[in-house]
Protein chains: 2
Amino acid sequence: MQEKFEQLQEKLRDIIDLGTAGALLGWDQNTYMPPAAAETRGHQMAIISRIVHEWATSEEMGRLLEDLKPYQESLDPDSDEARMIKVAKREYDIATRLPSEFVVEQSRVTTAAFSAWAEARAKSDFKIFEPLLAKVVDLNQRFAAFFPEVDHPYDALLDQFEPGMKTAEVKAIFDALRPEQVELIQAISEQPQVDDSFLHQPFDEKAQWDFGVEVITQFGYDWQRGRQDKAPHPFTMGLSIDDVRITTRVDPNFFNPMFFGTAHECGHALYNQGHARKYFRTILSDGASLAVHESQSRMYENLVARSYPFWEHFYPRMQEVFPQMSGVSLDQFYKGINKVEPSLIRVEADEATYNLHIMLRLELEIAMLEGKVAVKDLPELWNTKIQEYLGLTPPNDALGVLQDVHWSYGNLGYFSTYALGNLVSAQLWEVITKDMPDIEDQIRAGKFEGLLTWLREKIHTHGKKFEPQELVQNVTGSKIDPAAYMRYLKNKFGKIYKL
Amino acid sequence: MQEKFEQLQEKLRDIIDLGTAGALLGWDQNTYMPPAAAETRGHQMAIISRIVHEWATSEEMGRLLEDLKPYQESLDPDSDEARMIKVAKREYDIATRLPSEFVVEQSRVTTAAFSAWAEARAKSDFKIFEPLLAKVVDLNQRFAAFFPEVDHPYDALLDQFEPGMKTAEVKAIFDALRPEQVELIQAISEQPQVDDSFLHQPFDEKAQWDFGVEVITQFGYDWQRGRQDKAPHPFTMGLSIDDVRITTRVDPNFFNPMFFGTAHECGHALYNQGHARKYFRTILSDGASLAVHESQSRMYENLVARSYPFWEHFYPRMQEVFPQMSGVSLDQFYKGINKVEPSLIRVEADEATYNLHIMLRLELEIAMLEGKVAVKDLPELWNTKIQEYLGLTPPNDALGVLQDVHWSYGNLGYFSTYALGNLVSAQLWEVITKDMPDIEDQIRAGKFEGLLTWLREKIHTHGKKFEPQELVQNVTGSKIDPAAYMRYLKNKFGKIYKL
């Protein structure tokens, strides 16, 4: 049985080695690839995907997993070995549910959908994207139908990104969250607005870059095992614990995108760099889920880098690097970077309004999947809902229903992981504060080892061993729950806006 | 038969797509890969090599090629189809001669050999490299033995890089060349030496980079289908005609490495970008051989960028970019960049002495392969020969027998392609001058389209369709011959050194 287990590991190593080679091609495509190389790159990525899919769904893989059943049952279910088999089985089951004609069609539709979306957004013309989005919805309905055992078809979509998570759970969380968030935003809107005009002025690009590097180096990002490059849509790519790359973008006239974006990607990267070395080249050397990943990025972006103690430490340095800030006090600056203002664009939203953007998308996705909303009616519905949630009306679809790339990638079910990540970040933070009552003092002193050590031990090292709800339960004592996040928001913005 | 041919094309496309994905991993390894990622990268590259080797030696491939024989014979032997089958057959035959245990051992030995060489060179201690070099020699002897039909075992090695080229041909070329080169260098050494001290002074790094970019843009390098990055050991990587990347290095205190290195790599890149588009993703979309490739790089580096007309155009610009050159006349500068001086290091050698470095290596390689020289005696023999050829004695092995990386890659048979490239560049240049008598005027006017158009039509577009000797014969009317190169050297250096 040991031998069969080693055979499984070997097959998984092949898949991982080839799959991460393919991931590097994706990194290059988003950073350095010459413009004319898109067709070549498409062929290179396609052949790698094809082989990985063949291996992941091969009969030998199925037989090995079948043969390993008694061995798995003989093991402590929480042992690494048992979990490796469990995760491998789960991924094999998902991959083999999809007929290969479906996978081919999916790939064809999404290639076309991405082009159509890009053109539609550029021209702010939903009609261009509509037929492709209809196909994407159809593909997702068919995808869900390959998993007839789920409670709700949306479960099948969600489960790709949040193993074990149910639509009913997400809905319950959001139902509890929504009225509280709306109420908070309402209260804030009745107070005098803070000033953040000083964030919108020229900031030297190289100084921005270097300042970001300085900060994430202090966070503990390991440059021997990573690097930072520019990309139009920043992302983090973890090829192994020894090769975790972040990307960022620099706006020469706005401080926030580079700085908080870099902190955000660093949060993802610390997670990727922190999986146990014993999991190197195993199926467990990965994040538990997108929500858990997002909890790490949002923690560094918001709970750390948008906190008062953080700037007590870094603001003098900031003023040294950017002398134009000399007339802005720490208090003014802190309030500026935490300004709450309903806005049309999700990726630019502040902490208090962000989740409402997500809820809106979740509702629309579920309605489309259930066939209750026709794709052609989506723009109108979008505009109605954003008015209801945020009191705003998009002047055009580019600033409304066409703003996000995700649907054009063929994915429904992804967005809620962003909001769940916010919630988890606050849940974890409450435990961190209990375990290390001096965490704010540490941050005020520019010390981040305590935080990283805690995260490494509680979250990072486990990789994909636990399902997200299980991991959150283990660490915080409860499943994903919006209460901590609401306490965090109310406390933070209560002070800033004197509620 | 058309159908079988299409099946062959499809198999070759898979190999090309995956192989070039692997090549990108190599590019990244030499440019941006984080230091700690070497192990991860090794696994990623190994799995790709393994699959490519499996496909390239598969039974189906063999059967298809066998089945296609009558079709091939029915075709015009100079048609693209016939040549594609011929090249595919050739590569299949080579790949299948090597038992897979041999390939595995080769890969194991060269990994160890590279580390040993790097350490040996750093410590200037040949003893560290000696046992691994002995294994490399042994591997090459065994490699040659898999091709018992060749006239000389070295033919088998050479043929990997110069399809169809024989050791006897190379020897005959070098035998004719050697006395003439030695005589020329002797004559030069009796004349007053030129001054090149102004090349060894601080040159702003960014200005160097930008100047290089300006020049190769005028050469016709297509930035939509390529890019330039820094690498410690510059190289060009052609993933397809649409993705051809050059690398360079900048010495802040010496003008030559960046400038002439960039021109050199651009020569390779123009070749890679110039293969016929109809060959995209076929086995013919590649260079004819290393010597033909080197003829392109050396032409742009030396016959163009070290020529007087070139600097008549660019020297005013050079003086604008680097004001420190204001006191140096065009004549002084031209002589400086063409200074002839026997030196220990091949990669730093001037045009007149370069080939002697190659001949020395060829003689030693053949002697090792024939078992006439023991690896342990190599340093002494090296030093004896370099004294004989260039009148110099290396102060240590790092500046002698350990200077080149090639043997540590497991390759004997590679070096002579560098010298052959020099010869071909001069042969081509004589035809270019005949076809375009005003070529010097074009260059003097900063016009390089004429040259590129000629090279595209005569060399680049054909890709790997012709064997190197065949291509040179087609274009110049004779096979590779040292006479043109000697005429070029005598004419150029005769003027500079007033012989």
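A, B, ... follow the sequence lines: proteins, then strands. Residue 1 opens every chain.
A pairwise comparison of heavy atoms in B:Gly226 and A:Pro34 identifies N-CB, 3.5 Å as the closest pair. Heavy atoms only, all atoms of each residue included: B:Arg225 and A:Ala36 are closest at CG-CB, 3.5 Å. The nearest pair of heavy atoms linking B:Glu39 to A:Phe280 is OE2-CE2, 3.4 Å.
Residue B:Ile241 does not touch chain A at all, counting heavy-atom pairs closer than 4.5 Å. With a 4.5 angstrom heavy-atom cutoff, B:Ile47 touches chain A only via side-chain atoms.
Annotation for A:Glu6: atom CD counts as buried by contact number, over 12 foreign heavy atoms lying within 6.0 Å. The number of heavy-atom neighbours closer than 6.0 Å to CZ of B:Phe102, taken from other residues, nucleotides and ligands shown, is above 12.
The side-chain hydrogen bond (donor to acceptor under 3.5 Å, both in side chains) pairs that include a residue from residues 50-60 of chain A are A:Arg50-B:Asp14, where partners are two or more places apart or lie in different chains. Applying the salt bridge (charged side-chain N to carboxylate O under 4.0 Å, His left out) test to every pair with at least one member in residues 276-286 of chain A, sequence neighbours left out, gives these pairs: A:Asp17-A:Arg281, A:Asp80-A:Lys278, A:Asp242-A:Arg277, A:Asp286-A:Lys464.
Residues of residues 227-240 of chain B placed with any heavy atom under 4.5 Å of a heavy atom in chain A are listed by number as B:Arg227, B:Leu239, B:Ser240. For residues 262-270 of chain B, heavy-atom neighbours of chain A at less than 4.5 Å comprise no residues at all.
B:Gln44 has its side chain out of reach of A:Leu18: every pair of non-hydrogen atoms, C-beta onward, lies at least 4.5 Å apart. B:Met33 is listed as a side-chain neighbour of A:Asp243, based on a closest heavy-atom distance under 4.5 Å. Contact check for B:Trp27 versus A:Asp28: side-chain heavy atoms found under the 4.5 Å cut-off.
Listed options A:Arg13, A:Arg41, A:Met45 were ranked by heavy-atom pairs under 4.5 angstrom with chain B; first place goes to A:Arg41. Counting heavy-atom pairs closer than 4.5 Å to chain A, the top residue among B:Ile48, B:Ile51, B:Thr31 is B:Ile51.
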